[in-house]
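Following: one structure in structure tokens, then a few remarks.
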Amino acid sequence: MFISRIAFVALTVFTFTSALVTPATKRDDADVLNILTTLKGSTDSILPQIDSLVANKQASSSNLTPLFDQVQTALKTATSSLQGLGANKVKRQTSDELSALLAEIIKDINTSATGANSSTLFGLPGIVSAITLALETLLIELNVIVPGILASVVLLLDGVLGVVVGLLLTLLAIL
């Protein structure tokens, strides 16, 4: 379920960011890397709590909702920080680092959301939808700032998630 939402997000981002034009402003590549590193730090402190609740069979809608809300807030904070940086040529090395970091963040969120979703908790699909929307907004902003980052991220995503996103991007390219 979360995988299909990520695929939808990638398709949407890939389609709509080509129409977006952001004025280029001077920025350091480290700005984007710092923002994603901060996001990774936030998710690294929240997602293990979700995984622990699920693993110990203590997961409930009441104790998972605040944690998923924190993930959503972290995604929105990162997006807000990225806004206004503007598109600029990013060094290949930095682009690779950004892609790897972003792929890791997406994998971690997917793993925790899938584990929590397998608990079939009432109310969780709405929470996952909100996180998906926040992730979509982040990806749109990142693709404007670092054009082509989504293609790199797809290559780094393993398994079904990478295949689904890759196929959608291929279909989009054909259209």
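Values below: all heavy atoms of this structure, side chains included; hydrogens, waters and symmetry mates excluded. A quick note: this is a predicted structure, and the numbers were derived from the prediction, not measured.
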(request) List the steps, then state whether side-chain contact (heavy atoms from CB on, under 4.5 Å) holds for Ile149 with Val153. (result) CA-CA 6 Å; Ile149 192 170; Val153 169; 4.1 Å; yes
(request) Decide yes or no on side-chain contact (heavy atoms from CB on, under 4.5 Å) for Ile131 and Ile109, but give the supporting numbers first. (result) CA-CA 9 Å; Ile131 290 173; Ile109 291 172; 4.0 Å; yes
(request) Could you walk me through whether Val32 and Leu142 pass side-chain contact (heavy atoms from CB on, under 4.5 Å), step by step? (result) CA-CA 8 Å; Val32 178; Leu142 268 172; 3.8 Å; yes
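Each of Ile46, Leu47, Val71 was scored for a side chain to side chain contact (heavy atoms under 4.5 Å, CB included) with Asp108, with one residue passing: Leu47.
Between the side chain of Thr65 and the main chain of Ser62, no donor-acceptor pair closer than 3.5 Å is present. Between the Asn63 side chain and the Ser60 main chain, a donor and an acceptor come within less than 3.5 Å of each other. The backbone N or O of Pro48 sits nowhere less than 3.5 Å from a side-chain atom of Ser52 that would complete a donor-acceptor pair. Distance alone, capped at 3.5 Å, places no donor-acceptor pair between the Gln58 side chain and the Val54 backbone.
The distance from the CD atom of Glu141 to the OG atom of Ser81 is 10.5 Å, given to the nearest 0.5 Å. Rounding to the nearest 0.5 Å gives a distance of 9.0 Å between CG of Leu75 and OG1 of Thr137. A distance of 4.0 Å separates CD1 of Ile35 from CG of Leu82, quoted to the nearest 0.5 Å. Going from atom CG of Leu102 over to atom CG of Leu135 covers 7.5 Å, rounded to the nearest 0.5 Å. Atoms CG and OG1, on Leu39 and Thr77 in that order, are 9.0 Å from each other to the nearest 0.5 Å. In this structure, Ile140 CD1 and Thr79 OG1 are separated by 9.0 Å, a value rounded to the nearest 0.5 Å.
Remark: Asp44 pairs with Lys40 by the salt bridge (charged side-chain N to carboxylate O under 4.0 Å, His left out) rule, at least two apart or across chains. Under the side-chain hydrogen bond (donor to acceptor under 3.5 Å, both in side chains) criterion, Asp51 pairs with Ser112, sequence neighbours left out.
Put simply, the side chain of Ile50 reaches to within 4.5 Å of the side chain of Leu64, judged on heavy atoms.
Considering every non-hydrogen atom in both Ser45 and Ser42, the closest pair reads OG-O, 2.8 Å.
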